[in-house]
Amino acid sequence: MLIALDMDGTLLNEDGRISAENREAILHAQSLGHIVAIATGRSYMDAERQLRLANLECPVVCLNGALLMLPDGSLAASRPLDKEDIIPVLRWMNEIPELYYEVYTKDNVYVELDKRVRLEKLSELKDEEIPEGFGWLLKAMIAKQFQQAAVTYVESMEEIWSKEEDPIYKALAFSLNPEVLKEASTRFAAIPGLIITASHESNIEINHKEANKGNGVSLLAAHYDIPTEQVAVMGDSYNDLPMFETAGYKIAMGNAAALLKETADFITLTNVEHGVAAGIRHLLDRK
């Protein structure tokens with residue numbers, strides 16, 4: 001069986017770490033011959049760091065399926081973005097103060113220093129200054145961005161775009177202004193060959209149209225010669241839907257978006273209650 005796990009809101013707890021309970025459950029499943037994989041929107045370096053801290057080795061579907069990395073660190077498949085297509089929209093986002101954005105390469109996440117300063121200012125807002133219902137989301141989003149290991153701050157993103165040797169696999173935009181975010185989404189949607197997803201209500205994630213967690217997990221299953229009906233997935237957010245649509249068995253976290261819970265075969269505990277461990281126990285009991 002292949003068990004694919006999302007990271008944020010799923011495998012990682014409130015401290016952004018893999019709990020001892022989740023780690024032990026993963027090791028137990030691996031000891032029984034099952035493949036446990038990571039399927040995340042994070043960069044490979046970020047995902048691999050979390051695994052290394054927990055002393056785990058797993059294949060990683062990262063950047064929402066744009067990269068497929070095997071446990072030995074070798075690249076199995078990739079789907080980069082066309083830089084020439086997306087650069088005009090990225091330049092437009094540079095001019096919008098309310099938009100924070102990042103671009104992801106294989107080994108790094110790049111942020112303009114000015115955008116980092118703006119995100120820090122958002123973190124200093126008082127509760128009454130934050131739109132109703134967005135307080136917890138803002139704190140979670142900022143905490144996630146600041147937890148990322150492989151972030152490099154640059155004076156100008158132009159220096160990243162001009163490096164032919166560094167393909168861009170994903171872009172992420174974040175804003176508390178839904179109209180600004182909608183405009184960014186519309187601009188990206190006008191570019192052929194892209195897929196736009198979200199891991200939170202206040203962000204959008206941009207990838208190659210064939211780069212999604214569903215395709216990534218399917219490629220990984222094919223690599224290990226595991227049939228679809230033997231593929232189980234766990235997730236909590238909208239960018240997990242593609243792998244929910246392709247898996248043989250779907251587990252939603254207790255803290256998952258309603259849409260995932262509606263389509264799930266089983267709902268486990270929340271990520272702060274070691275829901276991955278409970279989900280793995282459920283899968284193994286079904287065998």
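Since we're looking at a predicted model, the values are computed, not measured.
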Problem - Step-by-step side chain to side chain contact (heavy atoms under 4.5 Å, CB included) determination, Trp161 to Ile168 - result: CA-CA 8 Å; Trp161 302 335; Ile168 294 175; 3.8 Å; yes
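- Side-chain atoms of Tyr100 and Asn203 form no donor-acceptor pair, as typed in the model, at a separation below 3.5 Å.
- Of the possible polar contacts, one joining the Thr263 side chain to the Leu260 backbone as a donor-acceptor pair under 3.5 Å is found.
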Donor-acceptor pairs are to be reported for all side-chain atoms of residues 184-191 against protein atoms at under 3.5 Å, with residues two or more places apart or in another chain.
| unit_1 | atom_1 | unit_2 | atom_2 | d |
| --- | --- | --- | --- | --- |
| Thr186 | OG1 | Lys182 | O | 2.9 |
| Arg187 | NE | Glu183 | OE2 | 2.8 |
| Arg187 | NH2 | Glu183 | OE2 | 3.4 |

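- Of the possible polar contacts, none joining the Gln50 side chain to the Leu11 backbone as a donor-acceptor pair under 3.5 Å is found.
- Grouping the Ile, Leu, Val, Met, Phe, Trp and Tyr side chains by contacts below 4.5 angstrom, directly or via other members, places Ile18 apart from Val272.
- Looking only at atom types and distance, the side chain of Asn212 has no donor-acceptor partner in the side chain of Asn64 under 3.5 Å away.
- The distance from the CH2 atom of Trp92 to the CD1 atom of Ile86 is 14.0 Å, given to the nearest 0.5 Å.
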Exercise for the section: Kindly determine whether Asn108 and Thr152 satisfy side chain to side chain donor-acceptor pair (under 3.5 Å), including the steps that lead there. Expected result: CA-CA 7 Å; Asn108 221 322; Thr152 297; 2.8 Å; yes
Handout entry: Candidate pair Lys213 and Asp6, rule salt bridge (Lys or Arg N to Asp or Glu O under 4.0 Å), full reasoning
Key = CA-CA 9 Å; Lys213 291 186 181 184; Asp6 168 53; 2.9 Å; yes
Exercise for the section: Give the intermediate values and the outcome of salt bridge (Lys or Arg N to Asp or Glu O under 4.0 Å) for residues Arg91 and Glu158. Expected result: CA-CA 9 Å; Arg91 284 195 176 122; Glu158 297 280 349; 2.8 Å; yes
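- At a threshold of 4.5 Å between non-hydrogen side-chain atoms, the residues Pro59 and Ile35 count as touching.
- Side chain of Asp236 to main chain of Ala252: no donor-acceptor pair is present (N/O by atom type, distance under 3.5 Å, no hydrogens or angles).
- Leu269 and Ile267 are not part of a single hydrophobic cluster, where members link through side-chain heavy atoms under 4.5 Å apart.
- Shortest non-hydrogen contact noted between Ala277 and Ala25 is CA-CB, 3.6 Å.
- Listed by first and then second residue, the ring pair (Phe, Tyr, Trp, His ring centres under 6.0 Å) pairs involving residues 252-279 are Phe266-His282 (not counting sequence neighbours).
- Distance OG/Ser31 to CD1/Ile26: 12.0 Å, rounded to 0.5 Å.
- Annotation: cation-pi pair Arg286/Tyr249 present, NZ/CZ under 6.0 Å from the ring centroid and within 45° of its normal.
- Contact detail for Cys62 and Tyr44: the closest heavy-atom pair is SG-CB, 3.6 Å.
- The shortest heavy-atom contact between Ala256 and Gly235 is CB-O, 4.0 Å.
- Criterion: ILVMFWY side-chain heavy atoms under 4.5 Å apart, direct or through other members. Under it, Leu53 and Ile38 are not part of a common hydrophobic cluster.
- Of all non-hydrogen atoms in Val276 and Thr10, the two that sit nearest each other are CG2-O, 3.6 Å.
- A single hydrophobic cluster is not seen to contain both Ile195 and Leu90; linkage of ILVMFWY side chains at heavy-atom distances under 4.5 Å, directly or through other members, places them apart.
- Side-chain contact between Thr105 and Tyr110 is present, with at least one heavy-atom pair separated by less than 4.5 Å.
- Annotation for Glu155: atom CD does not count as buried by contact number, only 12 or fewer foreign heavy atoms lying within 6.0 Å.
- Annotation: the span from Glu98 atom CD to Asn177 atom CG amounts to 4.5 Å, rounded to 0.5 Å.
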Handout entry: Steps toward side chain to side chain contact (heavy atoms under 4.5 Å, CB included) verdict (Asn239, Glu205)
Key = CA-CA 9 Å; Asn239 65 350; Glu205 299 181 3; 3.4 Å; yes
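- A 4.5 Å side-chain heavy-atom check between Ile251 and Val233 finds every atom pair outside the cut-off.
- Under a 3.5 Å cut-off, the side chain of Arg23 and the backbone N or O of Ala54 do form a donor-acceptor pair.
- Heavy atoms of other residues, nucleotides or ligands lying less than 6.0 angstrom from CD of Glu229 number more than 12.
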Handout entry: Residues Leu194, Asn207; criterion side chain to side chain contact (heavy atoms under 4.5 Å, CB included); working and verdict
Key = CA-CA 6 Å; Leu194 300 184; Asn207 286 98; over 6 Å; no
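- Distance NE2/His34 to CD/Gln230: 8.5 Å, rounded to 0.5 Å.
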Handout entry: Working for side chain to side chain contact (heavy atoms under 4.5 Å, CB included), residues Arg42 and Val109
Key = CA-CA 9 Å; Arg42 289 187 177 218; Val109 181; over 6 Å; no
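- One N or O on the side chain of Asn13 and one on the backbone of Asp15 form a donor-acceptor pair closer than 3.5 Å.
- Cation-pi contact between Lys170 and Tyr104: present, with separation from the ring centre below 6.0 Å and deviation from the ring axis of at most 45°.
- With contacts defined as side-chain heavy-atom distances shorter than 4.5 Å, the pair Asn94/Glu112 qualifies.
- Within the 4.5 Å cutoff, the side chain of Leu32 has heavy atoms near those of the Leu284 side chain.
- In this structure, the side chains of Val231 and Met1 stay at 4.5 Å or more apart for every pair of heavy atoms.
- Between the CG atom in Asn271 and the CG atom in Leu12 there is a gap of 8.0 Å [rounded to 0.5 Å].
- Annotation for Met93 and Ala173: closest pair SD-CB, 3.8 Å, computed over non-hydrogen atoms.
- Rounding to the nearest 0.5 angstrom, the gap separating the CG atom in Asn22 from the CD atom in Glu273 is 11.5 Å.
- Within the 4.5 Å cutoff, no side-chain heavy atoms of Met234 are placed close to those of Asp240.
- Residues Ile96 and Val180 are in side-chain contact: their nearest non-hydrogen atoms beyond the backbone lie under 4.5 Å apart.
- A continuous path of ILVMFWY side-chain contacts below 4.5 Å connects Leu75 to Leu51, so both sit in one hydrophobic cluster.
- The nearest pair of heavy atoms linking Tyr238 to Ala198 is CB-O, 3.3 Å.
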